[in-house]
Each structure stands twice: as C-alpha cells, then as structure tokens.
Peer 1: 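Have a look at this one before I ask anything.
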Amino acid sequence: MMFWILLFFFNSVTAETPMEKFKLCQSEKCILMQCYFPVSEFLNATRNELKIFESFIESNHVFVSYHLCEELSVENIDEVGACIYNVLFKLYQFDANLTVQQRIHVQAAQIQDESIAVVFDMISRILYRVESINNPDELTSFIDRSKREEAVVVINAQSLTPREHLKVSRIILNYGPWFTFVYSVVVSNEEKGCMYQIYSSNNEVIALKCDLENDIRKKLEQMVETEPESIQSYSDLSHVNAFSRSLPTLFCIHRNPRFTPISNKRIKVIPVDIFKFKLVDIQDHTLLMAPFPFYLYWSVKKNSFQRLGDQPSDELIDILLHDEEKHDMSNMYGMIDDEVRYLADSLNEIEVNPKVRFLQTEDDYYRIRRTFPKAAILFTIRWDSTSKLARRTFHRLAWHLHTYLPMVEIDCFDWTDLCEKESIIQWPTLILAENLTESKTYRGSTNEQEMKLKLFRFAVNQPYEIVDELITMNLLNSQRVIVLAMIKHEEKFLYETYRKLVDMFRDNEQIFFVYEYTTESSSLIIKQTYGDVKSSFEPKTTTYPLDEDLNHLQILINNALRIQLIPFNPVDFLQLTSRTFIAASRSQLSRLNNYFQSEDSIDEIPIVWIDTNSPWILTINQYGDIAYPAMIYINFSTGHVYVNTTLTDIDFWIKTARLGLVTPFYELPSMETNDGPTQEAIDFINQMNDDQILEEYRLIHEESEKINEHGLGFDTNGLPLEPNT
C-alpha cells in the first residue's frame, strides 16, 4: 500500500538514531529501512553481522533500524501476520517534494542465517539493483549487456542452503560496487549445488564453489580495479570495502602525480597520493609519515603493514610473498616445525666427512685434548634442528680446516656422561679447546662463512705466512680487513716491525694479518671488504710502501678500520652485544653522505646500513612501525631498541642512546631463564618407559628454539656465554 507521510523534523544538531539521520538527510537518495524480526535472536545476530558494513551503508544514504514484530500495531493485522515466519521491511524514501513514500516487503526467513541473508540482500537490491533472473534467454541477454561495463557474477540459487546464502549475500554487499551480481536457477545438468560463475568482459568464464568463500574473495579482489583516488584513508589501504584484504598488496605512497610505481607480476601494486589523506590520519599512523615516496606491504597472514623503501627489490618482494605462503607444520609430538627442520631432517641427509673425528671411547676425548695444542669440538644432539645445521656446516668445513686443527664431533645422545662432565647444557655447543684445561665457546651462527673464518682465526697465529694464496684467501673471504705484508727477501728485518704492528691489533676481530716473502719491493697491501658510499661499498685494495716507521703503519691500519658505514651482513649481526643501524634507501643514503665523510663522526664501531629496498629491512620492521630513513640503536644486553627519525645531531643521539639516557622505542621480549634440559632429558635410554617423555620433548624443543633465535654461544637471554676454563 502506497501513502504519503508528512515528517516532523526535530531541531537536533547530532543525529543518533537511524530515524534522526534519515530526517536530517533530506534527499531523494536517502532511504530508511526498518527491519522487523519474529524473535530477538534473529535481530541481534543480524545487527552484529551488519556492524562492519554500517559506515559503508550510511555513506550511501541508507539507514537501517532493527525491530521486533511485537512492535507492529495490532490494528494492522496483515503486517503482524506477515512477520511471523518472515522478515518484514518498511522502506521510507524522500521524493522531489521532500515527502516520504513507504513501501513494504516481506522475505521468508524461518532460521537465523536466512534472516541475516535476506537483510543483506535487501540492502544490495537498494544499492546495486541485484536481480533474480530465471529465464535462460533473459539471463544470456543480461550477461551480454552488463559485462560490457563490468564483470557479471551469476549465483546459482538452486539448492542454496541458508549458510551458503549468508556467505553469498555478504560477498554481494561487499563487492557490489565493482561487479554486477544476479541470482538465477538456470544451471546446466552437470552443475550441482551452489556455484559462482564470473563472466568477464574478455569472455572468460570462471566457476567457483560457494563453500570456498576465501577463494571467491581472493578471485574477486584480484579482479577489482582499484581507483587510486578511492583510497583516502588508512582503512582504505587495509580493506576492500568492509572486508580486510585477502591478497598481499603493495601500495606506493607518493605525493607526485607524475610518479611511476614499480611493476611486479606476482603482486598488485596500487599508487596512493598521500595528499588525499586527512592530516589527522597521517599523524595517527607512523607508517604514513614523510619522506615520500615509499611502499607499504599488506600481509594477509599477519594482518598488518610493513614499510619498505622507495624501490623494493624483486628479492624482497619474493621473500615477503614466500613468507605469506609458508605454513607451520606439527610433528607427531605436537611440536611446531619450521623450515630449519627440513634442511636436515635426518642424519642420512648430512654427508659425513671422514676428516671429522668421532670417539670410540671416552679416553679418546682426553687424548685429543692432550695431544693437540688446539681442537674444534662440536657437541650435538641428534634430533635438534640447529644441531643438524651445525653438523652440516662443520662437516663441510672439515675439508678446508682439518690440516690446521683436529675437528671432533660428539653426539650427547651417545655420550651423556661426557656431556654432563663438560657441562654441555645446550645443543649445539662448539668448544674451541687449547690443550687439556683451557677452552672457549664459539659465539656465532651456523653460517658457513662465519664459522670458517672464526675457526681459521683460532687455529693459526698472526701474522700468518701464506703458503697457498688461493686457499688462504678463500678461508678469509668474509674477513672485513686483510693486511698483507710483501717482504723482500733482502729486507727480512721488516718482519719484526710488522710483528709489532700485528701485536697492536691482535684482539681486533675485524682485521687479519698475513705475509709472504717476495723478490720485489716490500709493500703493505690493505684489502677492505667494503668501500665508501660513493663507491657503492665495492671492495677496496690499497698498496703502501712497507718500512720501519711503525707509527705511520699504525695510522694506515687505523684508517682502514675506521669505516663509517658498512652494508648489513647477518654474520656481523650476531657478533656484538649492541649495534647502530641506519635504515634508508640508497638514494636517501647518498643525501646523508656528508655526515659519514665527517672526521668528527668517526666511531670505532661502524654504523650498519640496511637498505630499505632489500630483504634485510625485515629484520628491523619486527621492532614496530618506523618511518624511514631512521637511525636505530639496539642494545641486546638490555633488550632496548632506540629510534631516531629526525636524523639531526646524530652523534649526540648515538652517545645518549648508548648510555640509555633516551626513552626506548621498543623493548625486546624477555625470555625466561632456566638451567637447560636435565640429564634425564638427554638420556633417551632412561626415558623409553618414562611417562614424562612428552614434557621432556617440550623442554628440548624450547631450548632448540632459543638457540635458533640467538645463535650458538649465546645464552637464553641472548647474551654471550662465559668461556669455559
């Protein structure tokens, strides 16, 4: 029944109820939709489901209110009767004269899911004119006509269950702005149950089952042509309408309309003009702050953004997408497995090197310690993931290092008493032993280059005389500074001067001294792994005359060590208890080059440059939302992370951060300390009939994870272990 109602407008400044918002609207576009439900459970469930769409719906001038059928007037028995097993809709809309026309619709809904679905459908009919077409010819004509402008999605309404109907109706409401949806029972004999069929403008037809909701959302989102102008808030970045993005997405945040973003076939790249955002939105989100341009990566798995540089590399994007696709696995004991465990899942996968020594008796251990002045002894436990990685590296390195020192492997599964005597409570533990009484614990990772360099440094004395230059340089290829003295045979007295120079820097792990005799003029060759910013950090080799002026030689070495900036190297990351980083793109770094060339800013420990366009920026992003470029100081002893994004008075800021006089930006999560697994935990012979076996597995797993995180030679708090004596 159609009739006109004169409206009385309240003098209210703020509209709170849907009715008040509708009254203030005063436009032909405005619609008030009153929904009447037979029971309160249907009403509450519908209101909760629609909550995430509320802002979107009202931005389209549709205002929804919820009522129970008992609120209907008993004088209108038809409305009351229609509401018993249905959802009754009363729609009010302004006309050109600002009067309101009322329409009534009734939709069958005897269960809760169906009642929610019909409300979604009613809103979609209002906003998108969603139709139901059951004539084959009419459907074909409709598809051909509509797909010229946008893709058509046909929903098979035959045997549409209430649960499927609810999923369908939610998807229609969310993606209606980009697609034409239509319900139909016209299906071929081969198709059974609910199905989406997507007809694109290029005549491609895609079929998807209705119960695969996530796949449907991904496909539709992939096809959505997002207009850059439509993204005007932080929420627009993380959502497609009311739904969180279901696909990894890369946003290029810029302020230059002529800026051209990168292209990548594996991920959608959307340019976003920051000038479209409100100032308060930028101030509330550190990730949106200057300088521009930069990229934001949306992770579906983590439901969060990561800020990248101004030209993210393909390698960085590949790593992000690989992490998105990676799934955690559980083994038969319920422990979480990661990729590390699959690198060496069984002992058979590790090629045992015949140059590595194994014990036949416990006396063999002490005989080796007595016989050889130095030895590398690796303690492992066979089921531990990091032990497997350490074994793999250790056995590979034995081919290069066995001539310099004996390399011994001891599995604590087989030698539990010996491990207990040597106080081995974490696996793997690599002991660098000197005779029978002295030893120190290797501090580092299972990285092959890092372990090779540290074992070689331990095995030989400096200055080391080169016998085979190719072999020696291969062992030293990750050494930051190498000093080579070429001593003329007739000037062997220069060796004493060189030896005194070596003594001055003997404890500095950043430098290694070698020498050889030559028939040519004596010279000092300094090889640096990293050059300066201008040379893009290319390796640098400089030759100087070698003479008896010890002071001059010392200055040359100091200058070689005083490198202001080095690129990030994961090997260096684990070697220090604190570190200063600058996170910036290459172009941003070049603009800061004057600082790094200043003599006043030279420090004993160089600042590490992390390219925001490289995968290494992910190591910094874990500490929170940071606007790059930024200076970052991490004190691993206290767990404090300090950040400076202003990049002003850098020297003073670094000094105050090292003293802990500024407020930390982030605190690394503390880990509970314990004394490690008990003897019972590593003695499986006594465990076979133990009811506590699963609990012991959990303890072993936790220790393994801590070592994985901190590296060998670090305790459960990430601090270096004290040397054994």
Peer 1: Is it the case that the side chain of K454 and the backbone of R443 share a donor-acceptor pair, with hydrogens and angles ignored and the cut-off at 3.5 Å?
Peer 2: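 Yes, K454 side chain to R443 backbone: donor-acceptor pair under 3.5 Å.
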Peer 1: What's the spacing between T541 OG1 and I525 CD1 if we round to 0.5 Å?
Peer 2: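 The CD1 atom of I525 is 8.0 Å from OG1 of T541, to the nearest 0.5 Å.
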Peer 1: Assert yes or no for the condition that the ring centre distance of F512 to F505 is strictly below 6.0 Å.
Peer 2: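 F512 vs F505: aromatic centres not under 6.0 Å.
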Peer 1: Nearest 0.5 Å please: distance from the CZ atom of R307 over to the CD1 atom of I620.
Peer 2: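 One gets 14.5 Å once the value is rounded to the nearest 0.5 Å.
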Peer 1: So, F458 versus Y442, ring centres under 6.0 angstrom or not?
Peer 2: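 No.
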Peer 1: Is it true that a side-chain atom of Y295 and a backbone atom of I262 form a donor plus acceptor pair closer than 3.5 Å?
Peer 2: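 Yes; at least one donor-acceptor contact below 3.5 Å.
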Peer 1: For H640 and N635, indicate whether the former's side chain and the latter's backbone hold a donor-acceptor pair under 3.5 Å.
Peer 2: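 Answer holds: no.
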Peer 1: For the CG atom of D273 and the CZ atom of R255, what is their distance to the nearest 0.5 Å?
Peer 2: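 Those atoms lie 10.5 Å apart.
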Peer 1: About how many Å separate CD1 of I216 and CD1 of I206, when rounded to the nearest 0.5 Å?
Peer 2: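 The CD1 atom of I216 is 12.0 Å from CD1 of I206, to the nearest 0.5 Å.
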Peer 1: Apply the side chain to side chain contact (heavy atoms under 4.5 Å, CB included) test between I317 and each candidate in N613, L250, V269; give the one that qualifies.
Peer 2: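 It is L250, the one option of N613, L250, V269 that forms the side chain to side chain contact (heavy atoms under 4.5 Å, CB included) with I317.
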Peer 1: Would you confirm whether K268, through its side chain, and L247, through its main-chain N or O, come within 3.5 Å as a donor-acceptor pair?
Peer 2: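 No; judged by distance alone, with no hydrogens or angles, the pair does not exist.
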Peer 1: In terms of the angle between their ring planes, are F292 and F294 parallel, tilted or perpendicular, with boundaries placed at 30° and 60°?
Peer 2: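 Geometry flag for F294 against F292: parallel rings.
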